[in-house]
Structure formats: structure tokens, C-alpha cells
Amino acid sequence: MTNKDDAIRIRELAKQHNILFGESIPLIASENVLSPLAKELLLSDLGSRYAEGLPGKRYYQGNFYVDQIEILTTELAKKLFRTDYVDVRPISGTNANQAVVFALSHPGDIITTVPLASGAHISSAKFGTVGFRGLNPVNYPFDVETMNIDVDLASKLIRLIKPKIALFGQSVFLFPTPLRELSDALQEADSYVWYDGAHVLGLIAGKRFQDPLREGAHVISGSTHKTLPGPQRGIILGNPKDEEMWEKIQRAVFPGVISNHHLNTMAALGVTLAEHLEFGESYADQVIRNAKRLAQELHTLGFKVLGEKVGFTESHTILVDVKDQGGGRKVAEDLEKANIILNMNLLPYDDQSKPRNPSGIRIGTQEVTRIGMKESEMVEIAGLIKEVAMDKKDPVKVKEKVKELKRQFMGVKYCFHENFDPYRYIELV
Ligand code: DSN
């Protein structure tokens with residue numbers, strides 16, 4: 001095999017990957033597809049350049065157009081999220097989290113967080129960013145019935161331990177966080193209130209979820225490629241306690257945790273924000289309608305969907321306990337054989353030291369909504385999941401039905417150039 005053969009092989013594998021996703025039902029709650037305009041910008045020369053610092057205060061020449069793109073992207077984010085405090089430079093959600101942690105805390109400080117098994121992101125764990133900063137994480141009590149933080153117990157905890165940072169937000173985000181209900185305790189403790197909105201940014205921007213900056217959060221961090229259907233990147237939004245807090249955050253972004261900030265994905269983010277200003281509300285509305293319908297249908301078919309007493313979900317995400325069907329790993333792997341792509345997930349009552357053998361699966365409706373699926377397709381998807389997970393039909397046979405359904409939904413919606421096939425491989429040579 002020559003080096004060229006290896007290069008061609010990588011390209012072939014990438015093409016096969018595109019085909020796989022073109023023939024699959026994508027239900028991972030943290031993914032999405034780009035609009036054609038955003039995708040085009042990924043291939044621009046911007047992806048080969050450097051820009052350190054802020055517009056007008058750079059360390060490299062050649063940033064004349066970059067500065068204008070960054071200013072426009074920042075202005076679009078300010079408009080979409082209704083705040084004057086925006087930093088569009090983080091290159092991922094975890095990178096944004098690193099900046100917030102480094103800006104607002106010192107080693108030894110206490111941070112309160114959602115438990116991992118109840119949906120928190122790994123960066124909030126002892127073995128993640130929070131631990132690497134030397135912080136001491138203490139978990140909020142979590143109520144499985146309401147699938148949310150227990151307000152009374154959490155208020156007592158916050159008053160007792162007075163965390164330097166109170167972190168909210170989840171990677172399994174079924175319901176809005178009770179920020180308003182916790183605000184008295186948070187003010188008494190004088191904590192920085194930080195909301196990791198990675199999963200729900202597109203729903204917040206679409207005005208279909210809570211509005212953390214107006215409910216007491218001082219800072220929101222997030223990735224920009226989940227319900228916000230942009231490039232893989234991060235963002236920080238603020239309603240800071242004071243200017244000093246925001247300056248600390250911006251200094252933590254650069255030179256703290258990044259140097260260059262990947263200018264092609266920044267431009268793609270700008271386009272995504274403009275498109276979300278135009279289409280975000282109808283998209284977010286349909287994402288949540290689809291999640292509710294899919295959850296209800298799975299429940300009707302006999303699955304144990306979490307949050308039954310509170311309507312299953314108010315977001316893009318559904319959690320299903322599939323212990324009786326063989327467990328999260330087995331069910332996720334069987335579904336993958338049928339081209340239904342989702343992930344196994346810990347449930348609040350699972351042992352969080354055993355993440356590779358959880359009871360649950362997590363399902364997200366944002367990408368299937370983005371390609372035009374509505375409630376009737378959610379009913380079909382629930383039926384296909386049942387065939388594999390409950391009826392134990394041969395996944396390879398179910399795959400043919402999956403491909404047939406997917407063939408009807410091969411164009412991106414909720415953007416300026418609809419119907420582009422996001423799974424098409426674009427050849428340059
Ligand atoms: N952990 C990823 C997820 O929710 O899938 C996000 O970083």
C-alpha cells in the first residue's frame with residue numbers, strides 16, 4: 001500500500017460514513033446537520049488561517065475580512081440570545097466550559113453540579129475539567145419522578161455550602177432547570193450561576209425553552225451543533241454580575257484556553273445564527289413536538305419512558321429504561337444494526353461508576369426534525385425501535401424499512417437553501 005493508497009482509503013471510509021448516515025435514522029441528542037451555506041464555509045480558506053485575540057487587536061496580519069466576520073457573528077449572537085455579552089471564540093462546548101471554570105474559580109473552591117448519572121456533562125465531574133481545575137464538586141439532590149433538581153433540598157444545600165460556582169445544565173436535558181425557584185438561595189450564597197446550555201441552545205434561541213439569562217444565570221456556555229444546528233464549536237453568553245467577571249471570562253478564552261479559534265467554523269456559526277433568527281422558532285417548536293410524540297408513542301408501545309408523570313419531556317431528548325430489553329448497550333448496538341443511531345445512557349438510579357453498562361438509551365429529535373420529519377414519522381420510528389428492541393426482529397430486515405423511511409427525508413429544512421442533501425459527499429478532486 002502506498003501513502004496515496006492510504007489517503008484514498010481514508011477518503012473512501014469517509015464516503016462510506018456519509019452513505020451510512022444518509023441511510024440511517026440519526027437520533028443522537030448531541031448532533032445535527034449543517035445548512036449548505038454553513039457547510040460551504042467549512043471549505044473556505046478561513047480554515048487555513050490564524051486570528052488570535054479580538055477584532056482590531058490581533059497578533060497576525062491578514063485578518064481584514066476575518067475581523068468583519070467575527071464582528072458580524074458576534075452581533076448575530078447578541079441579537080439571537082438578547083445579550084450584549086457574547087464570545088464566539090471557543091472551539092467546542094468543553095472548551096467554553098474550561099474558560100468559564102478557569103475564569104471564575106480557584107483550586108479548592110466548591111462547585112455544585114447535577115449528578116453524572118442524572119445527566120450532567122463529563123466536564124463537570126471530578127475526572128473532567130472541574131476536577132482538573134482542582135475544584136470540589138458537590139451534587140444537587142435529583143428527583144427521578146420529576147427528572148429534575150429537587151428544589152427544596154438543593155436550596156438547603158446551596159445555603160449550607162455556599163458554592164463559588166453553582167453549575168446547572170445537562171447532557172440529558174428533559175426539563176427546564178428551576179433557576180427562578182433556586183434564586184433566593186443562590187443570591188444568599190453569592191454564587192456565580194453558570195448554565196451549561198449546550199444541548200438546548202437552539203431551543204432557548206427558538207424561544208421554546210427557559211431563558212436562563214433572564215432567570216438568574218450569569219453565564220451560559222454551550223456547543224453550537226446540537227439543537228442549535230451549527231458547526232462543531234462553542235460559545236459563551238453572559239449576564240455578568242459585573243464587568244470584571246466578563247473580562248475574566250474573555251481573558252480565560254484567550255490566551256487562557258485557546259490560541260487560534262478555527263475561523264471557518266466561526267463563519268459557519270455566523271450563518272447558522274442568521275438562519276436561526278429566521279427559522280429557529282418554527283424549528284424549535286417542531287423539535288419539541290416530535291420529542292413529545294415519540295416519547296408518548298414509545299410509552300404506548302410498552303417502553304418505560306422516564307418522566308411519565310410530568311409528560312416525558314419538554315426538550316429534544318427522551319430517556320428510556322431498556323433494562324428489560326437487555327440493557328442500554330445491547331439495545332443501542334442492535335438498533336445500530338438496523339441503522340437507527342442513538343446512544344446508551346446512564347439513568348439517575350444507575351451506578352455512575354459503570355457507564356459502559358447502563359440501563360438506558362437516550363434519544364434526540366433535533367436532527368430528524370431538521371430534515372423535515374414530523375409527528376407521523378415519530379410514530380413510525382417508535383414502531384421500528386419496538387421491532388428491534390422489544391420484538392427482537394432481525395435488525396438487518398428492519399434496516400430495509402429504515403432506509404425506505406430515510407429516503408423520503410434527504411434535504412435540510414429551516415435554512416435559506418432548503419433541500420440540500422446534508423449526507424452527500426462533496427468531491428474536490
Ligand atoms: N457528551 C456529549 C453528548 O451529550 O452527547 C456532549 O458533549
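Order of appearance sets the numbers: ligands from 1, and atoms from 1 within every ligand. Given the structure is predicted, the values throughout are model-derived calculations rather than measurements. Heavy atoms only: backbone and side chains are in, while hydrogens, waters and symmetry mates are out.
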- Query: Looking only at protein heavy atoms, which one is nearest to atom 7 (O) of ligand 1, and how far off is it?
  - Reply: His121 NE2, 2.9 Å
- What's the shortest distance from atom 4 (O) of ligand 1 to any protein heavy atom, and which residue and atom give it? His199 NE2, 2.7 Å
- Task: Measure the spacing between OG of Ser221 and CD of Gln98 and express it to the nearest 0.5 Å.
- Result: 11.0 Å
- Can you tell me if Glu31 has a non-hydrogen atom under 4.0 Å from ligand 1? no
- Charged N-O contact under 4.0 Å between Glu75 and Lys78: yes
- Query: Is Lys386 salt-bridged to Asp391, cutoff N-O under 4.0 Å?
  - Reply: yes
- Task: State the atoms of ligand 1, each with its element, that fall below the 4.0 Å cut-off from a heavy-atom position in Ser171.
- Result: 4 (O)
- Hey, is Gln170 touching ligand 1 through its side chain, its backbone, both or neither, going by heavy atoms under 4.0 Å? neither
- Item | Side-chain donor or acceptor of Lys292 paired with backbone N/O of Thr313 under 3.5 Å | yes
- Thinking salt bridges, do Arg49 and Asp45 make one under a 4.0 Å N-O criterion? yes
- Message: Using a 4.0 Å cutoff against the non-hydrogen atoms of Arg362, which atoms of ligand 1 qualify?
- Response: 3 (C), 4 (O), 5 (O)
- Item | For Lys226, the ligand 1 atoms whose distance to one of its heavy atoms is below 4.0 Å | 6 (C), 7 (O)
- Mark yes or no for whether Tyr140, through its side chain, and Thr112, through its backbone, hold a donor-acceptor pair below 3.5 Å. yes
